[in-house]
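Working notes, structure below.
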Amino acid sequence: MQKHQRSGLLAIGALLIASVSRAQGPQPTVREVATLPGAQVGGAVRMPNGRIVIYTTGNRILAYDPATKQSTLIVTGFDGELSISPAGDRIAYSRLSDEENTDRIWSVPIDPTTGAATGPGQRISLSFGDTPSFSPDGKIVAFAKYTGKGNALAVVASTGGPERIAASFPAGIFSISWSRDGKWIFPEVSGAGSVLRVPVEGGTPEPVFPVARRVGLVEGTLALYGPDEDAQRAGRLAYAAVSGARGEFRVPPGARWRGDFVGVKSTSILLTAVTRPEWAHILSWADGKVRVLRPESPKSRGPAWSPDGRRIAMHDSTDAGWGITVMNADGSGARHYPVKAFPIFMRWSPKGELLGYGLEPRPAGPREIGILDLRSGKTQIVSSSPGASALDFRWKPDGGSVVVFKTFPAIGDKPPVRQVFQAPLAGSERMLRDLSGEFPELTRGGLISADLLALGNGPNLERFLVPTAGGAPIKLPRGGNWVQEPGVSPNGNWLAALSRGSDGRITSIDLVAARGDSIRTLQLPFAVDNATFRPPFSPDGRHLVLFGKRPGEDVSKVYSVPLDGSAPRVLATLPTTNTIAGRLDLSPDGMSVVFTSLGLPTGKIYELDLTPILQVIGKQ
């Protein structure tokens, strides 16, 4: 499934935001529309009747009536983007297909007064794609069609039928808007450097005005965007109009919206914000008890064991910003290391003296790999290429270098380039392998060790194990619908991949021989609670450790799953209904696990009225 990371902000602020010295121009008003306890709200849009709010949470689309404060389920199967027809009688949305974790475009008829479904959902696109958007007359749906070499801007009748490509791009399309007269389509294309427009009948994309990264386009005339990541977190957004007008305004800090949720004739936009507790935990098999590692931190995540099992490192936040904290396994001796960029996918060096991590720059920019010296507290950048982003890295066994998997953005008609580098702690990095020529339709992949990548290539997602430093790829046997690259056993002989069923739940594991000549599937009596991690093997390689819920259960249990097919064993039960997030990391002795737990969320929906800005622009 091709999904796009969207710039977003996750906190809540005041209902009416006053002008401050840094804000310029007319200020829109902001008011709270709804508070939804327990809802991880993804996006929201108001129906054309001006009363009902359509919002999403997980794989569900719901209608919310502010008068009664009641929500009504419309449909399940939602997977990322939706659009409401101008008449308010139909929703187009991306839905996860049963084929290799990809989306197709579906639609569902709704009551234009209440938003309730009036019939079942039906597929309207034959191709894989996402980001649907209704034309102003509601007769056409534009969407981003997956091509394997980027995205095509495609159009299809809102009731389904033949598809037509209006334009093709070597990079992804993040959102799609229309001009009010329906003659132009505005796709947001990664790396375009400008708002683009395409004639509805098809043709060459034209730059309209330079905004490198927008988060919404209103009526084809007004682009809204975050000036930088720090400004977004503080609740500052900017606008740029075709007329040349520029300015900034205030929104609740942390509020965000989805560009594809912006209506064709919108003068207001719904913002969403979600708060939820987030802490790193440790669970001991000896007594089954769970404790929070950093209860004083507002957020702590991604805990990882040192190679000797004596220390734990994690990302956490303080009033001064994000950093890395290292503590003893019993919670004592905590030391916080401030870092200049948001730290991700942290990994200990083999001897436990250094921590490697990805730096997510603020403002947004290419991701680099840094090495934190735990004695001096200084970070050394070892992998940084102009324009490239590090997707992942692994330490070499001698601890003297890391292997980095990078992507270089598309340029012109050329698709993105993916390459593997070795970056020494002393010296310059060098390329080990260029994957783009070998795998021209590379759709997914990642490092599973310093020596091996797991890659998916082509529209049918053939899977390969690829040596990082050269050598023939190993084609893996066909398995289920993998949700992540596989984990690897301690002896390197077996791979384990979580597999999603047709109902969207993860209830099986594919075990694949690393030599690529066999595969078998383990059916699970529970649904795995988190799809974002690779299942960890026990130190002896005979078990996997997973969190999951059996049918009808509200709390997660920790299971030891034998690879010989015998019944899983419950190791512990979590004390709350918290959700597991991110990877699990087993201690070297296999007696404890560290993980991140998310408490129940609270979603809020705000309305941002852009009338003051549009009025000023209209007079210019």
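Source: prediction; values computed, not measured.
- Between Phe78 and Tyr93, the ring planes lie tilted relative to each other; the angle falls in the 30° to 60° range.
- At least one donor-acceptor pair closer than 3.5 Å links the side chain of Ser94 to the backbone N or O of Asp79.
- Residues Ile84 and Arg46 have side chains not in contact (no heavy-atom distance under 4.5 Å, counting atoms from C-beta outward).
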- Message: With side chain to side chain contact (heavy atoms under 4.5 Å, CB included) as the criterion, how do Leu498 and Leu546 come out once you've worked through the C-alpha distance, each side chain's angles and the decisive distance to 0.1 Å?
- Response: CA-CA 10 Å; Leu498 300 174; Leu546 295 172; 4.1 Å; yes
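- The backbone N or O of Gly138 sits less than 3.5 Å from a side-chain atom of Ser158, completing a donor-acceptor pair.
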- Message: Using side-chain hydrogen bond (donor to acceptor under 3.5 Å, both in side chains), reason through Asp529 and Ser556 one step at a time and then give a plain yes or no.
- Response: CA-CA 7 Å; Asp529 197 34; Ser556 289; 2.9 Å; yes
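- Contact record, Arg104 with Ser127: CG-O, 3.4 Å, taken as the closest heavy-atom pair.
- The OG atom of Ser107 sits 10.0 Å away from atom CG of Asp89, with the distance rounded to the nearest 0.5 Å.
- At least one donor-acceptor pair under 3.5 Å links the side chain of Ser125 to the backbone N or O of Ile105.
- If you take OG on Ser268 and CG on Asp609, they are separated by 6.0 Å, rounding to the nearest 0.5 Å.
- Panel note: side chain Asp316, backbone Lys299; no donor-acceptor pair is recorded below 3.5 Å.
- Looking only at side-chain heavy atoms (C-beta outward), Lys549 and Lys557 stay at 4.5 Å or farther from each other.
- Counting only heavy atoms from C-beta outward, the side chains of Leu153 and Phe143 never approach each other to under 4.5 Å.
- Looking at Pro187 and Phe169, their side chains come closer than 4.5 Å, going by heavy atoms from C-beta outward.
- A donor-acceptor contact shorter than 3.5 Å links the side chain of Arg51 to the backbone of Thr113.
- Taking the ring axis of Trp482 as reference, the NZ or CZ atom of Arg500 does not stay both within 45° of it and closer than 6.0 Å to the ring centre.
- Of the possible polar contacts, one joining the Ser300 side chain to the Ala280 backbone as a donor-acceptor pair under 3.5 Å is found.
- The side-chain hydrogen bond (donor to acceptor under 3.5 Å, both in side chains) test with Tyr146 singles out one residue from Asp130, Thr102, Asn151, and that residue is Asp130.
- At distances below 3.5 Å, not a single donor-acceptor pair connects side-chain atoms of Ser135 with backbone N or O atoms of Gly182.
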- Task: Apply the test side chain to side chain contact (heavy atoms under 4.5 Å, CB included) to residues Met314 and Leu293: give CA-CA distance (whole Å), side-chain angles for both, the deciding distance (0.1 Å), then the verdict.
- Result: CA-CA 9 Å; Met314 71 205 76; Leu293 290 172; 4.0 Å; yes
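- At a threshold of 4.5 Å between non-hydrogen side-chain atoms, the residues Leu270 and Leu608 do not count as touching.
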- Determine, stepwise, if the pair Leu511 / Leu522 fulfils side chain to side chain contact (heavy atoms under 4.5 Å, CB included). CA-CA 8 Å; Leu511 287 175; Leu522 298 179; 3.7 Å; yes
- For side-chain hydrogen bond (donor to acceptor under 3.5 Å, both in side chains), just list the numbers for Thr57 and Gln40, CA-CA rounded to whole Å, side-chain angles, deciding distance to a tenth of an Å, and then say yes or no. CA-CA 5 Å; Thr57 176; Gln40 180 78 31; over 6 Å; no
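- Between Pro28 and Ile613, the closest heavy-atom pair is CD-CD1, 4.0 Å.
- Salt-bridge check for Asp103 with Arg95: failed, with every basic side-chain N at 4.0 Å or more from each acidic carboxylate O.
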- Evaluate the criterion side chain to side chain contact (heavy atoms under 4.5 Å, CB included) for residue pair Arg31 and Thr29; output intermediate values, then yes/no. CA-CA 7 Å; Arg31 70 182 185 88; Thr29 58; over 6 Å; no
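- The minimum heavy-atom distance between Thr131 and Phe174, with the atom names listed, is CG2-O, 3.7 Å.
- In this structure the side chain of Lys145 reaches within 4.5 angstrom of the side chain of Glu163, judged on heavy atoms.
- Looking at Ile91 and Ile74, their side chains come closer than 4.5 Å, going by heavy atoms from C-beta outward.
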- Task: Begin from the C-alpha positions of Tyr559 and Arg550 and carry the test side-chain hydrogen bond (donor to acceptor under 3.5 Å, both in side chains) through to its verdict.
- Result: CA-CA 11 Å; Tyr559 290 90; Arg550 289 179 178 268; 3.3 Å; yes
- side-chain hydrogen bond (donor to acceptor under 3.5 Å, both in side chains) between Gln523 and Ser508, intermediate numbers included: CA-CA 4 Å; Gln523 297 297 329; Ser508 63; 4.6 Å; no
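- Taking all atoms of both residues into account, the shortest heavy-atom contact from Tyr606 to Glu32 is CD2-CA, 3.8 Å.
- Here CZ of Phe134 is found 10.0 Å from CG of Leu82. Values are rounded to the nearest 0.5 Å.
- Here the closest non-hydrogen pair linking Ile110 and Arg90 is CG1-N, 3.7 Å.
- The main-chain N or O of Arg60 is never found under 3.5 Å from a side-chain atom of Thr56 such that the two would form a donor-acceptor pair.
- Because its NZ or CZ atom is not both nearer than 6.0 Å to the ring centre of Trp106 and within 45° of the ring axis, Arg123 does not count as a cation-pi partner of that residue.
- With no hydrogens or angles considered, no side-chain donor-acceptor pair links Asn481 and Ser499 at under 3.5 Å.
- Taking CH2 from Trp184 and OG from Ser177, the interatomic distance works out to 15.0 Å, rounded to the nearest 0.5 Å.
- To the nearest 0.5 Å, atoms CD1 (Ile54) and OG (Ser71) are separated by 10.0 Å.
- With values rounded to the nearest 0.5 angstrom, Arg534 atom CZ is found 14.0 Å from Leu544 atom CG.
- At least one side-chain heavy atom of Asp392 sits under 4.5 Å from a side-chain heavy atom of Phe345.
- A donor-acceptor pair is defined here as one N or O able to donate and one able to accept, closer than 3.5 Å; such a pair exists between the side chain of Asn49 and the backbone of Pro112.
- Taking all atoms of both residues into account, the shortest heavy-atom contact from Pro486 to Ala454 is CD-CB, 3.8 Å.
- Without hydrogens or angle criteria, Glu607 side chain to Leu271 main chain gives no donor-acceptor distance under 3.5 Å.
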